[in-house]
*Asks:* 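Let me begin by handing over the structure; questions about it come next.
Letters A, B, ... are given to chains in the order of the sequence lines, protein chains preceding strands, and every chain is numbered from 1.
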Amino acid sequence: MGLTTYLKKRDFRKSPEPQSGKTNPKQLIFVVQEHHASQHHFDFRLEMEGVLKSWAVPKGPSMNPADKRLAIITEDHPYDYKDFEGVIPKGNYGAGKVKIWDSGTYTPIDTVKGKAAQEKLLLKQLKDGSLKIQLHGKKLKGEFALVKTKGMEDNSWLLIKHKDESPTTAKLPDPFSPMLATLHAAPFNDDDWQFEIKWDGYRVLAYVNDHKVDLISRNGRSYTKKFHPIAEALQEVGSNAVLDGELVVTDDKGIARFQQLQHWKTEADGDLIYYVFDLIWYNGKDLRGLPLSERMQLLKEMLPSDHPTIRMGFTIQGRGTELLDSAREMGLEGIIAKRLSSTYQSGKRSPDWLKIKTQNRQEAIIIGYTKKEESPKLFSALLLGLYKNGQLHYAGKVGTGFTDKQQRELMKQFKPLVVKQASIKKPSLRDPITWLKPVLLCEISYTELTEQGIFRHPSFKGIRDDKAATEVVLEKEPDLLLPDRSLKTVIKKVNQKELTFTNLDKLFWPEDKLTKRDLLNYYAQVAPYILPYIKDRPQSLYRFPDGYKGKRFYQKDITGKVPDWAATFPYRTEGDRKDKNYLVVKDEASLLYLVNFGCIEINPWSSTIKKPGYPDWCLLDLDPGSKTDFSQVIDVANLIHDLLESVDIPAYPKTSGSTGMHVYIPLGKKYTYEQSREFARVLVTLVQQETSRYTSMERTVSKRQGKLYLDFLQNRSQATLAAPYSVRPKPGATVSMPLHWEEVKQGLKMQDFNLRNVPALLNERGDLFKPVLGKGIDMMAALKRLQQL
DNA sequence: GGGATAA
DNA sequence: TTATCCCAACGCACA
DNA sequence: TGTGCG
Ligand SMILES: [Mn+2]
Ligand SMILES: [Mn+2]
């Protein structure tokens, strides 16, 4: 009998558990699929409780695909299948022989004749738990084994868990910290999840022993004395358990009141209730490895069903939307969603527990107000706006939450801001609108934001005067490509193409703790912004498979190395008798494919395959030398700007993300590379003459004497530069960031723009480089104007 | 990161 | 069977 | 015609 069953059958309230040294072996069997095997790795898939896990195991000496049959999977804590770490034991285990003994008789069972019979027997022994596994006389150290028998299908393995006992008898770590929930934007319905009310109180762990109860807060503070009625009640209810729950004070309507809890002194201050929602420990058994569903079952059996102060909170399976609605009706803070199969992950803010709020807070810009004709109020509703991609959008109207006094004060502030023209596209509203200059900020609460970006159920909370209106953007948790930090390999469809993302935990920037997963998430987030500048362009690959400090190499020819769906562009070098092929980015999938290949930076041509000889932009590359630095780059960039502005040539600057800056001039595919280069030469020559003290156009490094190099020669076919929004393989994961010319001034730092902050910045600023792909300049007219100078 | 090839 | 290798290149500027 | 350069 498994321990879980055993625990379930017990009535914990009636008699103490007998102390017994006997352990109950528990073994679990799963069929693991070998999904994709390369020369260097096995990729395993395991479908468990409806969730697909996958992980890569590097091939070691014992992992030949033809013959070797065994790998060991170990893990740190019991029963959490998401944290598999692939480990290949060193040494030679012979030609695929896994010796398997019957644990009772210790007779080898690998001598059974016939494949089918062998497999059948093995499975039987695994199922009834009578199996011990040894490798050449040595007991397996790991808690799991992957076993392949000769009778099994090629892509199937058996994963055997052969722990002696589960849950374990071990000391509870001290200090012990509770599992935490991740904030989640919207409710959902899913039968794999349980939903419960989020109570507004103190998170309290209760250590219940025979003669003593301790109530401990999340920060390790003792609440035993302060909330002694709860401690006393727990003492009656049970013993030898560690419970997790929320301690609340309810008002006369039964609603938890946080303020009242803070000031609670005696029973006259309100009714204390301890809502228990998890059982972590019972009679020396650590239950954290059990799935939530089983812990809940045990908890239900352990707690009395009708105790006035120690209660099990209400839970419902699958119907999150419904529960959030009722929580909102009741004026509660929100709900918690918990994955039924999840283990208790101490101290972790886990994606298996999600907090979903009934009320969200957001700042918004007041862009006007309406007034109903007949209304005695000064105004009926405020019109709200938000910036998205650098543009102001209508975000709904708020008609509640302000007092008459607040209305009078607001009207005073509105007076000097009244304008005739709307600052946005006019929403269709019945009541007459007074438009305001979009500078005033307010804070609102709301329940939901619609697809169109309109607040639902907004309520006014007050004026904000500590921020500029342009700083206000939607505080929305981005949907990440790879949100689950416990998966080391993920197979995912992007643009209808199946991509395998590997080695997601590999530290690409160890100092910044940034992983390959972070890099992929970054590019997925900025894909809409970067794609215009890399789509349909052949790519020069610069690969860093082991992170920015690791080995690196350039790659252009990808013939035969990329899947069929990847677009390519043929080329030849001198003496080639066959075509070589550039990789061409077409969509998010091909971009992410590159990134998974270890391409930290993206290096596209200046022209597309549609018109390969005609670049979209002309570029000036400002590279500081050994005796110059970024501050001179800023100076010379501004001089270039002044010059171009004086002759009416548009130009757009970006940091390079490395040491210098890039300036792009739109050409609109109208001129050849040679024309672009000669145009750049003219511009750079003019600027260099003015700044000869610290700039140079010399191709030979030594002749530059450490001066800043004005590089115009990259205006040439097949030459590449790091794309806008490209990350660079540099400390701090810097990004090549398009700027306003006003930002190009002393004090600007390369590190201001990096993998961590650029996605949010882009949401505010939009794509500043958009005009680079717009109408190209009239080069001849521009040259004529330059000549007049 | 992973296919090709030398040892 | 395992370890290592290999993954660009192009044309301009100056000697 | 070779070498450095990005
Ligand atoms: Mn540069
Ligand atoms: Mn350069």
*Asks:* Does the side chain of A:Arg543 get closer than 4.0 angstrom to OP1 or OP2 of C:dC7 through an N or O atom?
*Replies:* no
*Asks:* State which of C:dC12, B:dA4, C:dC7 makes the closest approach to the side chain of A:Arg677.
*Replies:* C:dC12
*Asks:* My understanding is that only one of A:Tyr548, A:Phe597, A:Tyr554, A:Phe553 makes a ring-ring contact (aromatic ring centres under 6.0 Å, His included) with A:Tyr542; could you say which?
*Replies:* A:Tyr554
*Asks:* Can you tell me if A:Tyr571 and A:Gln718 form a side-chain donor-acceptor pair at under 3.5 Å?
*Replies:* no
*Asks:* Closest to the A:Asn503 side chain: B:dG1, C:dC14, D:dG6?
*Replies:* B:dG1
*Asks:* Write down the distance separating the C1' atoms in D:dT3 and C:dA9, rounded off to the nearest Å.
*Replies:* 15 Å
*Asks:* Quick one: label A:Arg552 by what it contacts on the DNA or RNA (base, sugar-phosphate, nothing), any heavy atom closer than 4.0 Å.
*Replies:* nothing
*Asks:* The side chain of A:Gln718 lies closest to which of these nucleotides: B:dG1, C:dC10, C:dC14?
*Replies:* C:dC10
*Asks:* Mind calculating the distance between CG (A:Asp576) and P (C:dA8) to the nearest angstrom?
*Replies:* 11 Å
*Asks:* Run through A:Asn503, A:Asn521, A:Asn596 and flag the one making a side chain to side chain donor-acceptor pair (under 3.5 Å) with A:Lys516.
*Replies:* A:Asn596
*Asks:* Set out, in order, the CA-CA distance, both residues' side-chain angles and the distance that settles side chain to side chain donor-acceptor pair (under 3.5 Å) for A:Asp616 and A:Tyr664, then state yes or no.
*Replies:* CA-CA 10 Å; A:Asp616 294 83; A:Tyr664 282 43; over 6 Å; no
*Asks:* State whether A:Lys703 places a side-chain N or O below 4.0 Å from either non-bridging phosphate oxygen (OP1 or OP2) of D:dC5.
*Replies:* no
*Asks:* Side chain of A:His40 only, heavy atoms from C-beta on: which candidate in D:dG6, B:dG2, C:dA8 is closest?
*Replies:* B:dG2
*Asks:* Report which part of the nucleic acid A:Lys506 touches: base, sugar-phosphate, or nothing (heavy-atom distance under 4.0 Å, all strands).
*Replies:* sugar-phosphate
*Asks:* Tell me which nucleotide among C:dA8, B:dG1, D:dG6 gets nearest to the side chain of A:Phe508.
*Replies:* B:dG1
*Asks:* When the P atoms of D:dC5 and C:dA8 are considered, how many whole Å apart are they?
*Replies:* 22 Å
*Asks:* On a plain distance test, is the side chain of A:Arg716 in donor-acceptor contact with the base of C:dC10 below 3.5 Å?
*Replies:* yes
*Asks:* A:Leu583 CG to B:dG1 P: how many Å, rounded?
*Replies:* 17 Å
*Asks:* If you check every side-chain atom of A:Lys556, which of D:dG6, C:dC7, C:dA8 has the closest atom?
*Replies:* C:dA8
*Asks:* Would you indicate, yes or no, if D:dG4 has its OP1 or OP2 atom less than 4.0 angstrom from a side-chain nitrogen or oxygen of A:Arg704?
*Replies:* no
*Asks:* Name the residue closer to the 5' end of DNA chain C, choosing between A:Glu574 and A:Met697 according to the nucleotide with the nearest heavy atom.
*Replies:* A:Glu574
*Asks:* Find the distance A:Tyr582:OH to C:dC10:P and express it as a whole number of Å.
*Replies:* 7 Å
*Asks:* Rounded off to whole Å, could you give me the CG-to-C1' distance for the A:Leu710 and D:dC5 pair?
*Replies:* 15 Å
*Asks:* From C-beta outward on A:Arg699, which listed nucleotide comes closest to its side chain: C:dC12, C:dA8, C:dA3?
*Replies:* C:dC12
*Asks:* What is the separation between atom NZ on A:Lys580 and atom C1' on C:dC10, rounded to the nearest whole Å?
*Replies:* 12 Å
*Asks:* What integer number of Å spans the P atoms of C:dC12 and B:dG1?
*Replies:* 37 Å
*Asks:* Please report the closest heavy-atom contact between A:Pro738 and A:Leu768, naming both atoms and the distance.
*Replies:* O-CD1, 3.7 Å
*Asks:* Tell me what A:Tyr673 touches on the nucleic acid: a base, only sugar-phosphate, or nothing, going by heavy atoms under 4.0 Å.
*Replies:* nothing
*Asks:* Rounded to the nearest angstrom, tell me the gap between atom OH in A:Tyr554 and atom P in B:dG1.
*Replies:* 19 Å
*Asks:* Distance check needed: D:dG6 C1' versus A:Leu620 CG, whole Å only.
*Replies:* 15 Å
*Asks:* Nearest to the side chain of A:Gln555, which nucleotide is it out of B:dG2, C:dA8, D:dC5?
*Replies:* C:dA8
*Asks:* Any side-chain N or O of A:Tyr709 below 4.0 angstrom from OP1/OP2 of D:dC5?
*Replies:* no
*Asks:* Using a cut-off of 4.0 Å on non-hydrogen atoms, how would the nucleic acid contact of A:Asn596 be classed: base, sugar-phosphate, or nothing?
*Replies:* sugar-phosphate
*Asks:* Counting N and O atoms only, with roles assigned by atom type, does the side chain of A:Lys670 sit under 3.5 Å from a partner on the main chain of A:Ile777, one being a donor and the other an acceptor?
*Replies:* yes
*Asks:* In whole angstroms, how far is the C1' atom of D:dG6 from the OH atom of A:Tyr542?
*Replies:* 12 Å
*Asks:* Could you tell me whether the side chains of A:Asn754 and A:Thr734 share a donor-acceptor contact shorter than 3.5 Å?
*Replies:* no
*Asks:* Can you work out whether A:Arg681 or A:Lys551 has the more 5'-proximal nearest nucleotide on DNA chain C?
*Replies:* A:Lys551
